[in-house]
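First the structure, in the form of structure tokens, and then the observations on it.
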Amino acid sequence: MNHLIDVRSLEKTYQNQTILASISFSVNKGEIAAILGPSGCGKTTLLRCLAGLEPISAGDILLKNERVNNVETEHRPIVLMFQEPFLFPHMTVLENVMFGLKQQKLSKKSRVQQGLEMLDKTEMSSYKDTFPHALSGGQQQRVALARALVMKPALLLLDEPFSSLDQYLRDTLRDWVCALLKQEGVTTLLVTHDKEEAMMIGDRVILLKDGNIQQQGKPNEVYQFPENENVEGMFSDGLQLGGTFIPSQYLQIASQDEQTVDKVVSQGTISSFFFKYGLCFYQVKLKEHNVKLILHSKQEFKEGSKVLIMSNMNK
Amino acid sequence: MKRLFKYGLYTIILLFLLLFITFPVVVLVTKSISAGWTFPHLFPQFFTLRGWELLKSNPEIVEAIYTTVIIAVSVVMLNIIFALPVAKGISHYHFRGKTVLETIFLLPILVPSLAIAMGLHLTMIRLGLSDKLIGVILIHMLPTLPYSIRMFKAGFDQLGIKWEEQARTIGVKRLRVFWTVTFPMLAPNIRSVALLSYVISLSQYALTAIIGGGVVTTLPMIYYPFFNSADQMVIAAFSIVFAILPILFLMVLEVFMKIYVHIVKR
């Protein structure tokens, strides 16, 4: 296989503490992979290692089949975008975007041209002479993205780039960024703690917890066939029952007196309900597991009523 | 009521400024151009530029201004050159004995500088640096460098390392990142370091006297003897020159910084 980046048993220890333990994965050219994990799982450290900002303790990082372990940050064709835009305050938007091109011995004219082109693509060209402090958070992120993309990086690393924005802006910017990355064909590795974001953006998801990769694959496959409890908890929805996991799509709520052929797997009480995407969801507090389960049902239930949880998985 | 209080406060501040800043400056300037302004007269008898002419025609003073400015500007530049890397190291890197090192860098202002200067004098004589401009410049580093390191460290602390990391991951080399990103972003700290070390250097008497041995004549060296002379007009003019030097320096510095940022961005 011809992977763009190939990470082989990467390890990172810091002051006798293992932060990343034997991480292996690869990303194909043009693919967007999402690394999902709770805070403190080492996902930011992983990006910093790939960018060359942190030395790695063991393993290999291969970029286009070449080992880049000891290549300095500035010489790796990898650009990292942090959570905050970090636009240089003494430079205008255009100067910020052209900042990296200066290292490439290009004429001023072609630098300006490339900068403007990229600002066009990020829909920020009307702000080219504005200073960063006059821009909104979303606009700043756009400029930061333009500054990264203008370098035509082999790999783009995004460290929760939308987390500092409000919900509405995050949703719109996310779709827009995703489309632009696809259009430009940029291979991207995105780190997030938001599983919906990972599912929406990622062609593939890599689940990270406690410094280990728990599972990787296509979002729907990982969602439906979680390999272990961590993945079930982090990524999938469903019910954990004595060693087996029943995904939510096989579960149903039924009232206690209902006649059904499905297997009863649990009992509980409806604790609350809410509407989302045109459907009604019930939060069920399960009797024996002391866990809460959220399920959709077309039937109507009252708060506090006792219900059965049915499964039709192995029918 | 609240508004009344606000305006009252403004009035008090304004009066304070008038009383302690504007008034002395006006008196000083007037004094430098007026003759016969003695007790029973509320206003000067007549105005003359004699004080200023005397100052201008005194080659010793003109020479001293040059020497003082050369020393002070050199001190400022050396401060920036030495304090920047030290402060960056202390602020951005973790290593063993960092606290000890920080304390060592602060020592020159914890120990009376005269005590150090006396000892250094012998060394400077041996090295042939005493009675020379370079010796005085070096000894002026003593009361300035510790402050500069502190101020730059505060700047680096506040800036953090992420700006540099962001610039490097875009593909720009460390040194260029420093000159095009870090340095311009430290502008407020550079301003304070420059002004403080300039003013400290400008007001050194004892250290200059010991190391300069009376051969290196700076403004303070002749300011004291001048003060004993009777002509208050000349002293007033002299004091104004003294006070104007830092202001001029600050203006020149601002212009240089503007030009620097402009060049760096191109």
Side-chain angles (χ1 to χ4, degrees), chain A residues 14-15 44 47-54 71-105 107-108 111-112 129 131-132 144-159 161, chain B residues 80 84-85 88-89 91-99 152 154-194 253-266:
Chain A
Y14 184 73
Q15 289 176 344
T44 296
L47 283 200
R48 291 177 60 84
C49 286
L50 296 181
L53 294 170
E54 299 271 353
V71 177
E72 290 257 23
T73 305
E74 50 267 37
H75 298 301
R76 290 188 196 189
I78 299 176
V79 175
L80 171 65
M81 255 179 82
F82 292 104
Q83 270 176 38
E84 292 92 43
F86 284 110
L87 297 179
F88 308 123
H90 53 292
M91 301 183 193
T92 63
V93 164
L94 182 60
E95 283 163 349
N96 260 288
V97 175
M98 297 191 311
F99 176 71
L101 295 172
K102 227 171 167 184
Q103 195 73 45
Q104 299 182 343
K105 307 266 183 294
S107 72
K108 169 123 194 190
R111 271 189 273 142
V112 171
D129 295 323
F131 281 92
L145 187 72
R147 185 178 61 181
L149 290 181
V150 81
M151 299 307 292
K152 302 194 170 54
L155 179 68
L156 179 66
L157 306 173
L158 302 175
D159 188 1
Chain B
I80 292 174
L84 264 181
K88 178 159 170 57
S91 173
H92 287 176
Y93 298 96
H94 298 279
F95 50 87
R96 247 167 200 276
K98 191 164 131 169
T99 340
F152 276 138
F156 280 116
D157 282 348
Q158 206 189 10
L159 213 58
I161 202 159
K162 287 249 174 129
W163 292 97
E164 286 182 16
E165 287 184 339
Q166 180 66 83
R168 284 179 59 213
T169 167
I170 290 170
V172 180
K173 287 183 185 152
R174 275 171 203 261
L175 212 59
R176 180 180 231 136
V177 170
F178 186 81
W179 292 117
T180 55
V181 175
T182 317
F183 198 70
M185 286 186 76
L186 280 175
N189 304 83
I190 292 165
R191 205 173 284 131
S192 348
V193 162
L253 184 75
E254 270 327 293
V255 171
F256 266 105
M257 283 186 357
K258 284 258 157 38
I259 295 172
Y260 177 83
V261 171
H262 191 74
I263 290 173
V264 142
K265 287 199 304 187
R266 271 198 311 196

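Atoms considered below: every heavy atom in the structure, side chains included; atoms not considered: hydrogens, waters and symmetry mates. Naming convention: chains lettered A, B, ... in sequence-line order (proteins, then strands); numbering from 1 in each chain.
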Please classify the contact between A:M91 and chain B as side chain, backbone, both or neither, with a heavy-atom cut-off of under 4.5 Å.
both

Heavy atoms under 4.5 Å from chain A: which residues of residues 184-192 of chain B carry them?
B:P184, B:M185

If the plane angle is over 60° it's perpendicular, under 30° parallel, otherwise tilted; pick one for A:F88 and B:W163.
tilted

Roughly how far apart are B:E165 CD and A:L80 CG, rounded to 0.5 Å?
8.0 Å

Roughly how far apart are B:Y260 OH and A:H90 NE2, rounded to 0.5 Å?
8.5 Å

Proximity of residues 167-176 of chain B to chain A, residues having a non-hydrogen atom under 4.5 angstrom:
B:A167, B:R168, B:T169, B:I170, B:G171, B:V172, B:K173, B:R174, B:R176

Scored by heavy-atom pairs under 4.5 Å with chain A, the best of B:V181, B:V177, B:T180 is B:V181

Measuring heavy-atom distances to chain B, does A:L87 have an atom under 4.5 Å in its side chain, in its backbone, in both, or in neither?
backbone

For chain B, the option from A:Q104, A:E95, A:M151, A:M98 that forms the most heavy-atom pairs under 4.5 Å
A:E95

Name the member of A:E84, A:R111, A:R147 that forms the most heavy-atom pairs with chain B at distances under 4.5 Å.
A:R147

Near B:Q158 CD, under 6.0 Å, is it more than 12 heavy atoms from other residues, nucleotides or ligands?
no

Could you tell me which portion of A:H75 (side chain, backbone, both or neither) has an atom closer than 4.5 angstrom to a non-hydrogen atom of chain B?
side chain

Got a second to check how far B:K265's NZ is from A:N96's CG, nearest 0.5 Å?
9.5 Å

